[in-house]
Number of protein chains: 2
Amino acid sequence: MASDAVISLNKLKVACQDCRLSEICLPRGLAQAEMEKLDNIVARGRPLTRGEVLYHQGDSLNNLFAIHSGSLRSFIVSQDGREQTVGFYLPGELVGLDGLEKGTHTCTTVALETTSICELPFNRLQELCTELPSLQYQMLRLLGKEVSDDHDILLLLGTRSAEERLAAFLLSLSRRFAERGFSATEFNLSMSRHDIANFLGIAVETVSRQFSNFDKAGILQVKHRNVKILDLEKLEKMVEPGEKFNRKAKLSAAQ
Amino acid sequence: MASDAVISLNKLKVACQDCRLSEICLPRGLAQAEMEKLDNIVARGRPLTRGEVLYHQGDSLNNLFAIHSGSLRSFIVSQDGREQTVGFYLPGELVGLDGLEKGTHTCTTVALETTSICELPFNRLQELCTELPSLQYQMLRLLGKEVSDDHDILLLLGTRSAEERLAAFLLSLSRRFAERGFSATEFNLSMSRHDIANFLGIAVETVSRQFSNFDKAGILQVKHRNVKILDLEKLEKMVEPGEKFNRKAKLSAAQ
DNA sequence: CGCCGCTTTGAAGGCCTTCAATTGATGTGG
DNA sequence: CCACATCAATTGAAGGCCTTCAAAGCGGCG
């Protein structure tokens with residue numbers, strides 16, 4: 001009966017139990033009975049189409065969102081109009097956590113392609129968290145992930161060259177696609193060159209040039225938005241050039 | 001009796017109720033009885049001295065930490081040895097949230113000066129959160145703050161010039177000092193030029209030059225680590241140059 | 001087909017980095 | 001108490017990486 005989809009107020013009831021992303025997404029670590037309780041508050045509206053906004057900067061936080069399929073881009077706009085993309089989100093990832101502090105969203109989130117979203121009413125989710133400690137823990141974990149992911153991007157923007165930034169970006173996508181059962185070496189980018197450039201803090205032209213360089217160097221093949229990685233190792237070495245300061249390397253050398 | 005300090009296992013029991021930071025810090029929004037329960041799990045060790053490490057990257061997460069006095073710097077080190085400062089922390093701020101995802105800290109945190117720390121055993125804090133919804137909410141709020149603060153730094157690193165970065169950094173300190181009842185225009189930096197440079201993703205020399213420029217322009221006076229801001233407005237305009245894309249300006253213009 | 005937006009490629013210029021040297025602050029031993 | 005050593009911060013000069021400006025390719029879609 002929990003798997004029976006019921007249309008109510010334009011929202012579709014959905015079942016985390018039947019979703020193959022449940023091990024990545026919010027219900028991770030929940031027992032069967034707990035997941036059913038979560039299912040009771042999850043709903044799904046119609047899919048977003050490319051360019052459609054999930055929430056605007058300044059909107060009050062009513063829901064958190066999990067991506068069922070598709071992808072999103074979040075960005076903040078400063079008072080003087082400068083835009084910074086703060087993240088791209090793939091299926092199974094939780095979106096909207098930026099609004100927890102003030103109760104209003106601090107960034108805008110748009111769909112990069114047709115995207116299906118699970119809605120989690122924040123108030124009810126919060127109540128459920130007091131009831132289900134493992135759900136509370138999972139919420140904290142996902143928030144912690146958001147924080148440490150952001151730290152990684154800070155490292156990227158603060159210390160890395162354009163080449164390293166694009167390499168790290170592609171590797172991040174590669175790993176996340178692999179986690180979701182897709183190819184780690186061939187995928188389609190749902191974001192434009194402009195989006196990538198903005199996210200990485202470099203000019204569009206620089207992104208384009210780096211792609212060309214990678215292509216010429218035989219590291220990958222790019223055709224528009226299709227990327228085929230030919231030499232994953234070389235890409236990885238680009239991000240972590242040496243091992244001289246590697247913790248493990250140091251430890252094993254000391255022994 | 002709750003205010004009686006008891007020495008036990010080298011840890012001092014402390015009372016949030018008596019702390020003037022309670023409106024900024026974790027106990028914010030808690031009722032008297034709730035705060036007492038929080039007090040039961042908070043302890044304080046001996047103060048850290050300058051350069052001392054609170055926790056290392058890779059350490060398991062046993063406690064979250066709140067700063068009672070002093071200041072901290074958190075940074076991550078990549079495999080190839082590059083360092084990125086991800087934040088400076090002032091009294092009343094919560095530290096250690098980066099470790100929530102994996103249960104191990106993803107950054108290292110050191111004291112910039114003599115610093116007194118309140119320790120919050122994570123397991124007991126988590127239990128208390130299921131018991132006290134307002135504490136759970138406050139935890140989520142603080143995590144959300146960490147996320148949106150990080151987004152602001154991303155905007156800084158992704159779109160701003162060296163001059164704007166230093167201006168924004170000084171304004172951030174100014175605001176946070178003011179929130180804590182200190183002067184917004186005169187304060188001592190607990191971090192070195194190297195720390196500032198690393199945080200802002202620019203070279204030490206660039207920081208030094210920008211300080212000199214600000215000084216020459218009459219915006220502030222710097223003597224070593226003492227900063228006296230003379231023209232707060234000019235500093236603010238440096239970070240938000242125009243109002244052309246300002247939301248409020250747009251709205252009021254439209255009406 | 002022909003327009004329009006996205007992407008690519010080329011060339012010049014600028015901001016910041018890197019290298020180098022000096023000055024200033026801090027702390028220790030004679 | 002001062003000299004000296006050490007480290008942090010400042011200042012100058014040259015060079016590099018990336019940005020900006022400009023224009024041409026290329027695809028998509030009416």
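First the proteins, then the strands, lettered A, B, ... as listed; each starts at 1.
Under the 4.5 Å side-chain criterion, counting only non-hydrogen atoms from C-beta, A:Val239 is not in contact with A:Glu164. Under the 4.5 Å side-chain criterion, counting only non-hydrogen atoms from C-beta, A:Phe75 is not in contact with A:Thr109. Contact of the A:Asp98 side chain with the A:Glu146 side chain is not registered, since no non-hydrogen atoms from C-beta on lie closer than 4.5 Å.
Regarding B:Ile196, its CD1 atom lies at a distance of 14 Å from the P atom of D:dA8, rounded to whole Å. In this structure, the CD atom of B:Gln210 is 16 Å from the C1' atom of D:dG12, given to the nearest Å. Rounded to an integer number of Å, the gap from B:Phe211 CZ to D:dT11 C1' is 16 Å. Rounded to a whole Å, the NZ atom of A:Lys223 is 9 Å from the P atom of D:dG27.
Residues of residues 197-205 of chain A having a heavy atom closer than 4.0 Å to DNA chain D, listed by number: A:Gly201, A:Ile202, A:Ala203, A:Glu205. A heavy-atom distance below 4.0 Å to DNA chain C is reached by these residues of residues 155-164 of chain B, ordered by number: B:Ser161, B:Ala162.
Nucleic acid contact class of A:Thr206 (heavy atoms, under 4.0 Å, all strands): base. Within the 4.0 angstrom heavy-atom criterion, only backbone atoms of the sugar-phosphate kind lie near A:Ser192; the bases stay farther away. Residue contacts shown for B:Arg225 are limited to sugar-phosphate atoms, with no base heavy atom under 4.0 Å away.
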Please output the side-chain donor-acceptor pairs of residues 167-175 of chain A that fall under 3.5 Å, not counting sequence neighbours, one pair per line with the distance.
unit_1: A:Ser172; atom_1: OG; unit_2: A:Arg176; atom_2: NH1; d: 3.3
unit_1: A:Ser174; atom_1: OG; unit_2: A:Ala184; atom_2: O; d: 2.6

Contacts table for residues 204-212 of chain B: side-chain donor-acceptor under 3.5 angstrom, sequence neighbours left out:
unit_1: B:Ser212; atom_1: OG; unit_2: B:Ser208; atom_2: O; d: 3.1

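Rounding to the nearest 0.5 Å gives a distance of 4.0 Å between CD of B:Glu163 and CE of B:Met238.
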Exercise for review: Would you check, one step at a time, whether the test side-chain hydrogen bond (donor to acceptor under 3.5 Å, both in side chains) holds for B:Arg82 with A:Thr159?
Suggested key: CA-CA 7 Å; B:Arg82 271 178 283 193; A:Thr159 69; 4.6 Å; no
Practice item. Take A:Gln57 and A:Thr106 through the test side-chain hydrogen bond (donor to acceptor under 3.5 Å, both in side chains) and record every step on the way to the result. Key: CA-CA 5 Å; A:Gln57 199 166 338; A:Thr106 57; over 6 Å; no
Practice item. Quick one: do B:Ser60 and B:Thr104 satisfy side-chain hydrogen bond (donor to acceptor under 3.5 Å, both in side chains)? Show the steps, please. Key: CA-CA 4 Å; B:Ser60 77; B:Thr104 57; over 6 Å; no
Exercise for review: May I have the step-by-step check of side-chain contact (heavy atoms from CB on, under 4.5 Å) for B:Ile117 and B:Leu48, ending in yes or no?
Suggested key: CA-CA 8 Å; B:Ile117 303 279; B:Leu48 299 177; 4.2 Å; yes
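No more than 12 heavy atoms of other residues, nucleotides or ligands sit less than 6.0 Å from atom CZ of B:Arg50. Residue A:Arg20 places its CZ atom among 12 or fewer non-hydrogen atoms of other residues, nucleotides or ligands, all under 6.0 Å distant.
For B:Phe182 and B:Phe187, the ring centers are positioned 6.0 Å apart or more.
In 5' to 3' order, the nucleotides of DNA chain C bounding all contacts with chain B (an atom under 4.0 Å from a heavy atom) are C:dC16 to C:dA25.
End-to-end axis angle of the helix from C:dC1-D:dG30 to C:dG30-D:dC1, from C1' rotation axes over five pairs per end: 30° (rounded to 10 degrees).
For B:Arg209 against D:dG12, a side-chain-to-base donor-acceptor contact under 3.5 Å is present.
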